[in-house]
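Worksheet: one structure, shown below.
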Amino acid sequence: MSEVLTRIETQQGRRLTPMETFDITAARETGLSRLLMVYITTGLIFMLFPGTFLGVWNLLAISSRRAPGSVSVAWVQAHGHAQIFGWIGTFILGIGFYSIPKLRRLNWFALSAAWASWALWTSGVLLRWLTGVNQWQWRLWLPISAVLELIAFLIFFKSVSGHRPEDAGKKAPDAWVFVVIAGSVGLMLTLLVNLGAAVFLAFRGASPELPPDFDQRFLVLETWGSLVPFVWGFSAKWLPVFLGLRPVRGRLLLAAVACNTGGVIAALAGWMIAAVFLLAGGMITAIYALRLLEWPERSAKVKGVHASFPVFVRSAYVWAIIAAGLGIWAAMASSPQGIWGASRHALTVGFLAMMVFGVGQRVLPAFAGMRLLFSTRLMFAAMLLLSAGCLLRVSSEILAYQEFLRSAWAWLPVSAITEMTAVTFFAVNLLVTFARRRHVE
Ligand code: HEM
């Protein structure tokens, strides 16, 4: 705080009154909250329209034709890109920028870098989606979209890596910092591979679709290699407080990251059986390190959120184990399309989306200028519907796609509508929270 005041005084060339200092820091905080709200709102828009609605459309087409391969591969990939990069990626960048103290120290250059990164990232992801769906001049737009995404991320990476914690030098950073760095490196590699693939397709490909074998490996990199470590890192930072857990086993969490990284490398090399066992081992180790399933030390902090919050957060990790287990089954099976799809869905919806629903609604209202979540009941409804939709989708995808039970084709549209309702409730709850007046104690 004293550093903030000194900088303010130096910039103004005279000593400010306490009132002036208060006004400037309040304006700064408001600017930062506005930045965060724009990032989160952008992520929600990607989640709803290019992401979920296209996913539902694809699934309705698949179930009416009773054939998984009957929809455009480019549309499926456009849906996946919008969800992973447009929704979760935009949330990560927004929360990352918001958390950098440099942005609180009247550094206008750092704040404008955050806005530039938003503009480039949003244009890149939107262009990528339009190129996948429309395919107009795709040889030109596909690499351009990948370049825009990469530059946006490099701006973010530079801003975040220049940041030193307040107590740097006094003690080694906590394990969660290294885990988040691992997630950031994973995201950078994902964007580099994405750019390489886009350039390759532009010169040598017949369409903007990634070939299935490459796409399978690339999906492991973008989910297990990047988003999973991010979620572990944020879990290690926030869940001990929110759920009253015992202190994280830091070294073990880093061992989990190492095991997970081994799994991602094995998948990229095409050694799928080794990969799925390493990924499962990493997830089990992370759960043990985070002490999620141990008796908590203190009661959970559920003020401002629904009391069921700790149960749903734990259920997300159960979905992650299910995803890893289905991955093992798929790697061993002879014709595993439905099992891979179910595993991917258990990870993306059951684990990643559920964590974003739970932790997002817990922290984002406060980050957006000390607001209160609009409705804890809507939060509960969103998480319950997401769980129900995910259970229905994962089970029916295996039963229908693998031809175990014909009637399961009819459950798929129900699962799609249930999940779409869940994400709509989540988006409405956050958007109304942002639109309402700030909460003053
Ligand atoms: C309403 C919810 C959703 C529906 C109806 C839906 C539907 C689909 C469908 C039909 C596919 C094609 C493959 C298959 O049949 O399994 C798919 C693939 C995929 N989905 Fe979703 N999805 C939803 C939510 C999500 C979410 C929340 C994420 C990520 C956070 C996600 C990420 C992906 C990814 C990465 C792929 C693979 C894309 C590729 O093959 O490159 N989906 N989804």
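First listed ligand is number 1; within each ligand, the first listed atom is number 1.
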Only heavy atoms of Val56, strictly under 4.0 Å: list the atoms of ligand 1 that pass. 1 (C), 5 (C)
Quick one: which ligand 1 atoms are inside 4.0 Å of a heavy atom on Trp87? 27 (C)
Do Tyr39 and Phe91 have ring centroids that are under 6.0 Å from one another? no
With a cut-off of 4.0 Å, which atoms of ligand 1 are near a heavy atom of Glu419? 1 (C), 2 (C), 3 (C)
Flag this pair as yes if the NZ/CZ of Arg249 is under 6.0 angstrom from the six-membered ring centre of Tyr288 and inside a 45 degree cone about the axis; otherwise no. yes
Restricting to heavy atoms, the pick from Gln337, Arg393, Glu397 nearest atom 11 (C) of ligand 1 would be Arg393
Tell me, yes or no, whether the heavy-atom count around Arg34 atom CZ, taken from other residues, nucleotides or ligands under 6.0 Å, exceeds 12. no
Atoms of ligand 1 close to Val349 [distance to a heavy atom under 4.0 angstrom, numbered from 1]: 24 (C), 25 (C), 26 (C), 27 (C)
Side chain, backbone, both or neither: the part of Leu210 lying under 4.0 Å from ligand 1 by heavy atom: neither
Measure the spacing between CG of Leu268 and CG of Leu189 and express it to the nearest 0.5 Å. 9.0 Å
Ranking His79, Met47, Glu209, Gln83 by closest non-hydrogen atom to atom 27 (C) of ligand 1, top hit is Gln83
Does even one non-hydrogen atom of Ile88 get within less than 4.0 Å of ligand 1? yes
Determine, using ring centers only, whether Trp409 and Tyr401 are less than 6.0 Å apart. yes
Any donor-acceptor pair under 3.5 Å linking the side-chain atoms of Ser72 with those of Gln77? no
Any N or O on Asp215 sitting closer than 3.5 Å to an N or O of ligand 1? yes
Over-ring placement of Arg128 relative to Phe85, 6.0 Å and 45° cut-offs: no
Which one holds for Val71 and ligand 1: side chain close, backbone close, both close, or neither close, with close meaning a heavy atom under 4.0 Å? neither
Can you find an N or O of Tyr401 that's nearer than 3.5 Å to an N or O of ligand 1? yes
